[in-house]
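Quick notes on the structure that follows.
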2 protein chains.
Amino acid sequence: MVKALADENRLRIIRSLAAGKKSVSRIVEDLGISQPLASHHLKELKRALLVTIERSGPFVYYELTDRRIVSILTELNELAAHLLATRKAF
Amino acid sequence: MVKALADENRLRIIRSLAAGKKSVSRIVEDLGISQPLASHHLKELKRALLVTIERSGPFVYYELTDRRIVSILTELNELAAHLLATRKAF
DNA sequence: AAAACATATAAATATATATTGATACGATGG
DNA sequence: CCATCGTATCAATATATATTTATATGTTTT
């Protein structure tokens, strides 16, 4: 699960999905990445159970399985900011 | 930072350090990994500001910079357990 | 059924990261 | 000062993962 989070593009996808359910093409234009790349990362997120799928016509909508992931990532972000701000040296 | 967490051995090191400051050799025997490998992972954790160093004679003690990382990892673990328990299919 | 669109998969490549084995460095005790 | 112990670094290798390009699959519309 942590590995699924350890990628810039997947974190961006999660951040994008925090606003709600989205189709693949919507994610593609939101992030400005190629469609196969988006598909690949969505597959990884799904494998980690972080997102769920919903088909509707030709569209496939992805949605966060559990919004707790967003708050956990927020905590991690705050911790990182704090560590950066208070570190002694580079 | 998430990348620093995305490794089995590094998670084990953090779990081990949750009990308190430890020397490299202590970590090596705790985890049963080679000394260079432990050194390598400790370096990564340090790079991510997750651990701090303290030298004492020939020993180098590593310590968690901030214990919040432990609770965040606990939350992640609980979320993972929950997602696994409630998933619809494999 | 053909065309158009949305998404997924496959193959190829590139890149990053983990691991091992050998060795260097630094501190300590004899 | 030499030997030893703890730790770090280096080089080599293995493995995993991201990215791209091309193509396949499935759905809708006409």
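Throughout, a chain's letter reflects where its sequence line sits, starting with A, and its residues are numbered from 1. Note that the structure is a prediction, hence the values are computed from the model and not measured.
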Quick one: list whatever passes side chain to side chain contact (heavy atoms under 4.5 Å, CB included) with [X], sequence neighbours left out.
X: A:Lys46; value: A:Val51, A:Ile53
X: A:Ala80; value: B:Met1
X: A:Ser23; value: A:Ser25, A:Arg26, A:Phe59, A:Tyr61

Legend entry - Contact pattern, 5' to 3', of nucleotides 20-30 of chain C - B, S or - by protein heavy atom under 4.0 Å: BBB----SS--

Which heavy atom in [X] sits nearest to a heavy atom in [Y], and how many Å separate them?
X: B:Ser16; Y: B:Asp30; answer: OG-OD2, 3.3 Å
X: A:Ala48; Y: B:Leu83; answer: O-CD1, 4.3 Å
X: B:Leu31; Y: B:Arg12; answer: O-NH2, 2.9 Å

Inset, instruction - Assign B:Tyr62 to base, sugar-phosphate, or nothing according to its heavy-atom contacts below 4.0 angstrom with the strands shown. - result: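 Here B:Tyr62 touches the backbone only, sparing every base.
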
Inset, instruction - Determine: side-chain N/O of A:Ser39 to OP1/OP2 of C:dT9, distance under 4.0 Å, yes or no. - result: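 Indeed not, no polar side-chain atom of A:Ser39 lies that close.
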
Legend entry - Interatomic distance, A:Leu17 atom CG to A:Ile69 atom CD1 [nearest 0.5 angstrom]: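 Answer rounded to 0.5 Å: 12.0 Å.
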
Inset, instruction - Could you tell me the separation between the CG atom of A:Leu79 and the CD1 atom of B:Ile72, rounded to the nearest 0.5 Å? - result: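 Output value for this atom pair is 5.0 Å.
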
Legend entry - chain A footprint on DNA chain D, 5' to 3' - any atom under 4.0 Å from a heavy atom: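 Here the contact window of chain A covers D:dT17 to D:dT28.
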
Legend entry - Set of residues satisfying side chain to side chain donor-acceptor pair (under 3.5 Å) with respect to A:Asn77, sequence neighbours excluded: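 A:Asn77: no side chain to side chain donor-acceptor pair (under 3.5 Å) contacts found.
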
Inset, instruction - Using whole Å, report how far NZ of A:Lys46 lies from P of C:dT9. - result: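 My rounded result for the distance is 8 Å.
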
Inset, instruction - Map A:Lys43 and B:Arg47 onto DNA chain C by nearest heavy atom, then report which one ends up closer to the 5' terminus. - result: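 The residue closer to the strand's 5' end, by nearest nucleotide, is A:Lys43.
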
Show me the donor-acceptor pairs within less than 3.5 Å that the side chains of residues 33-45 of chain B make with the rest of the protein, sequence neighbours left out.
from	atom 1	to	atom 2	distance (Å)
B:Ser34	OG	B:Leu37	N	3.3
B:His41	ND1	B:Arg10	NH1	3.0

Legend entry - Side-chain touch A:Leu5/B:Leu76, heavy atoms, less than 4.5 angstrom: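 SC-SC contact between A:Leu5 and B:Leu76 confirmed.
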
Legend entry - A:Thr86 side chain near A:His82 side chain, heavy-atom distance below 4.5 Å: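 Result yes, sub-4.5 Å side-chain heavy-atom pair found.
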
Legend entry - Residues forming a salt bridge (charged side-chain N to carboxylate O under 4.0 Å, His left out) with A:Lys3, sequence neighbours excluded: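 Here no residue qualifies.
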
Inset, instruction - Scan for salt bridge (charged side-chain N to carboxylate O under 4.0 Å, His left out) pairs involving residues 64-83 of chain A, sequence neighbours excluded, and state none if there are none. - result: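 For residues 64-83 of chain A: A:Asp66-A:Arg68.
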
Inset, instruction - Can you pull out how bent the helix from C:dA1-D:dT30 to C:dG30-D:dC1 is, comparing the axes over its first five and last five pairs, to 10°? - result: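 Between the first-five-pair axis and the last-five-pair axis there is 20°.
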
Inset, instruction - Go through residues 17-24 of chain B and report each residue with a non-hydrogen atom lying under 4.0 Å from DNA chain D, sorted by number. - result: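 Result for residues 17-24 of chain B: B:Ser23, B:Val24, sorted by number.
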
Legend entry - Selection: residues 1-13 of chain A, any non-hydrogen atom under 4.0 Å of DNA chain D: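 Heavy-atom contacts with DNA chain D come from A:Lys3, A:Asp7, A:Asn9, A:Arg10.
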
Legend entry - Residues B:Leu64, B:Leu50; criterion side-chain contact (heavy atoms from CB on, under 4.5 Å); working and verdict: CA-CA 6 Å; B:Leu64 292 182; B:Leu50 289 170; 5.7 Å; no

